[in-house]
There are 2 protein chains.
Amino acid sequence: MVTIYDIAEKAGVSAMTVSRVINNTGRISEKTRTKVKRVMDELGYVPNQMARSLVLQETRLLFLMITDITNPFYTTLARGAEDAAKKHGYRLLFGNTDEDLEKENDYIDAVLKTRADGVLIAPAGDASLPHLEMLRRHRVPFVLLDREVPGMDSDVVLGDSKEGARQLVKQLVGCGHRRIALINGSRTISSARERLEGYREALKLNDLAYDEALVLETSFGPRSDLTGIEAWLDSLRPLPTAFVAGNNVLAVELMRSLRSRGLRVPEDVSLVCFDELVSYAEMDPFLTVISQQAYQFGYLGMQMLLDRIQSRDGQVPGWRKIVLPAELIVRRSVRQL
Amino acid sequence: MVTIYDIAEKAGVSAMTVSRVINNTGRISEKTRTKVKRVMDELGYVPNQMARSLVLQETRLLFLMITDITNPFYTTLARGAEDAAKKHGYRLLFGNTDEDLEKENDYIDAVLKTRADGVLIAPAGDASLPHLEMLRRHRVPFVLLDREVPGMDSDVVLGDSKEGARQLVKQLVGCGHRRIALINGSRTISSARERLEGYREALKLNDLAYDEALVLETSFGPRSDLTGIEAWLDSLRPLPTAFVAGNNVLAVELMRSLRSRGLRVPEDVSLVCFDELVSYAEMDPFLTVISQQAYQFGYLGMQMLLDRIQSRDGQVPGWRKIVLPAELIVRRSVRQL
DNA sequence: GATTAATATGTTATCGATAACTCTAAATTA
DNA sequence: TAATTTAGAGTTATCGATAACATATTAATC
């Protein structure tokens, strides 16, 4: 590998002079500058980022941890984060935790070892707390995305899950549904809790009883348990006329199960959910959903993170919390009873 | 930040001893080992990867460059690559080029600066050649995914695009279609060329004339040009009875355009394409597709890359080329004429 | 008990860059 | 002309780790 010493030698100057040319610092005569630049081109020099980071004590490297890279919500979010990072000259590293605490732990470890300048993280759940404490302890700035973690104050970008759930239920009730089930992520995830809460509130508001049997708590994850869903469906007699899915993955899994027992949406049962199923939302304008501004989650979160990094030890203006509004998009998956 | 020297001082040993404990090298008495380990825990020590990499001349960092992070084909591929990397103790950095040469160039630059140990890349197109030459010049091992680049020999994992296109056309012909259009990616991308080629061959085989007007060459990219598609559709009189889409994104765009003019699939026109639309393929068992083993692209590609890296200057067994078979999955988007 | 071998640990140089300081020669000022 | 700036470089130490060599114990052998 070509180093700045190789350049220096060939150009007949000192390494420091080369460094000055590279970084455009200090005073350099036009003559040496061009000479050094020519040699750099000739030898195909590329600065060693690690050596730089070591002395500069900054990597310009950021980390984004998402829980499901195959979920369009998170990939769209990732694009937002990427765009914002790029605009500020930072590189962005992605990690995919699969809603798995152990994988998350591995990535946290990697972040610390790499000395990343900051982290954007959609935590796997409340049990991510020790991971976040680890980051805090090592003074790695981070911003939470999509999910809060009780016991940890920090910047965070959330969706209005409670309101979203309320609107979904309201929409169903408006269409005459009264037996409404909820398939949800784990209670150890703040967004799932909020959605359950919103569901319950909306039921109460509409004088509908909350029936625990109508709620299935499973996983938001990429591979949720199909047999659990099957068993749950079997247990529901009579079948609800409508389902609310806590996220897009669950909506898909549920649709699959329903279809396998010959039930059509919306003819036989109605279905609504959080998040678009695909990033090309217009592709299949079928499911009535609460659409979240996935791109904005990433973009705004990244901006907050960069703010933190750049004002490092400076005045800490207190933790900021952005709640992005939930937008109900009514399509064709709900039948008017 | 806690360094190895802080540990050394507090434990009353030299830095080298600490290093030995960390890496489990050399001989250390059980007593000092436990003492050092305790101090490491107390201070919350995390090794500085950059300092290590600098002296070891390896980063254990790999790079995956994909052209569209919102495309489920690539995210599934990414999961495969990630799993394989993880199994071998490598970290994986993702980059998203958006089919954009300039973005790709930026990432190549980042790779070189970071001194990544290797790269897995789905090149933006034939014009990626200089980028690959850059990698080659700096001796960064790489494996091409999904697309070849003329003029550059390397390990590569491909899908059998030509055969896939043949099968799609055959399927349509078998259902009685004779006026079959193709909406495809840019000719500067090898897979698009192969698909066009397969399409032409299949037409010929079935005694159908190749009509240039029936082929639209646009972009595989995340944001393809809708107006181009609209104009093309307008120009097609009479409308073809069936369409082949060169990838999933194009299928979606086309569906959208068709729908906007009141055309239903498959009642009014038939549509088949490459790649599943969503990673939950079963979700919407609607489009007849050539399904590619996206996960395997990533997994096998990563294995080849690691092979290269580990046998570095050792015997180079020649370039390897893996062609993954194309599987036709017949669903409901083709109407029997 | 002296010599040798093995075990445990320390020292120094190095990876590739930059910060902080130093030096030299030319340019400016008194 | 002598004194002082200043432009344009060079030197040295440092970031945090590890390799290679050196050294000090302790244990084993004759």
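For the numbers below, each heavy atom of this structure counts, side chains included, while hydrogens, waters and symmetry mates do not.
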Presence of [X] side-chain N/O under 4.0 Å of [N] phosphate oxygens OP1/OP2:
X	N	answer
B/N23	D/dT18	yes
B/Y5	D/dT18	no
A/S19	C/dA17	no

Separation of atom [atom1] in [X] from atom [atom2] in [N], rounded to whole Å:
X	N	atom1	atom2	value
A/M40	C/dG16	CE	P	17 Å
A/I7	C/dG16	CD1	C1'	12 Å
B/I22	D/dG16	CD1	P	13 Å
B/N48	C/dG16	CG	P	16 Å
A/L54	C/dA19	CG	P	13 Å
B/Q49	D/dC15	CD	C1'	15 Å
B/M16	D/dA19	CE	P	6 Å
B/M50	D/dT18	CE	P	13 Å

Practice problem: Check step by step if ring-ring contact (aromatic ring centres under 6.0 Å, His included) holds for B/F73 and B/F297. | Solution: CA-CA 10 Å; B/F73 172 73; B/F297 272 73; 5.3 Å; yes
Using distance alone, with no hydrogens and no angle criterion, decide if [X] and [Y] have a side-chain donor and acceptor under 3.5 Å apart.
X	Y	result
A/T34	A/E30	no
B/D146	B/Y74	yes
A/K87	A/Y299	yes
B/T25	B/N23	no

Are [X] and [Y] within salt-bridge range, i.e. N to O under 4.0 Å?
X	Y	value
B/E99	B/R147	yes
A/R91	B/D106	no
B/E58	B/R52	no

Quiz item: When you measure from every atom of DNA chain C, which of residues 55-63 of chain A have a heavy atom less than 4.0 Å away?
Solution: A/V55, A/L56
Self-check item: Qualifying residues under side-chain hydrogen bond (donor to acceptor under 3.5 Å, both in side chains), relative to B/S14, sequence neighbours excluded
Solution: B/T17
Distances under 3.5 Å only, N/O to N/O: pair up the protein atoms with those of nucleotides 5-9 of chain D.
from	atom 1	to	atom 2	distance (Å)
D/dA7	OP2	A/R27	NE	3.0
D/dA7	OP2	A/R27	NH1	3.0
D/dA7	OP2	A/R27	NH2	2.6
D/dA9	OP1	A/T32	OG1	3.4
D/dA9	OP2	A/S29	N	2.6
D/dA9	OP2	A/S29	OG	2.8
D/dA9	OP2	A/T32	OG1	2.5

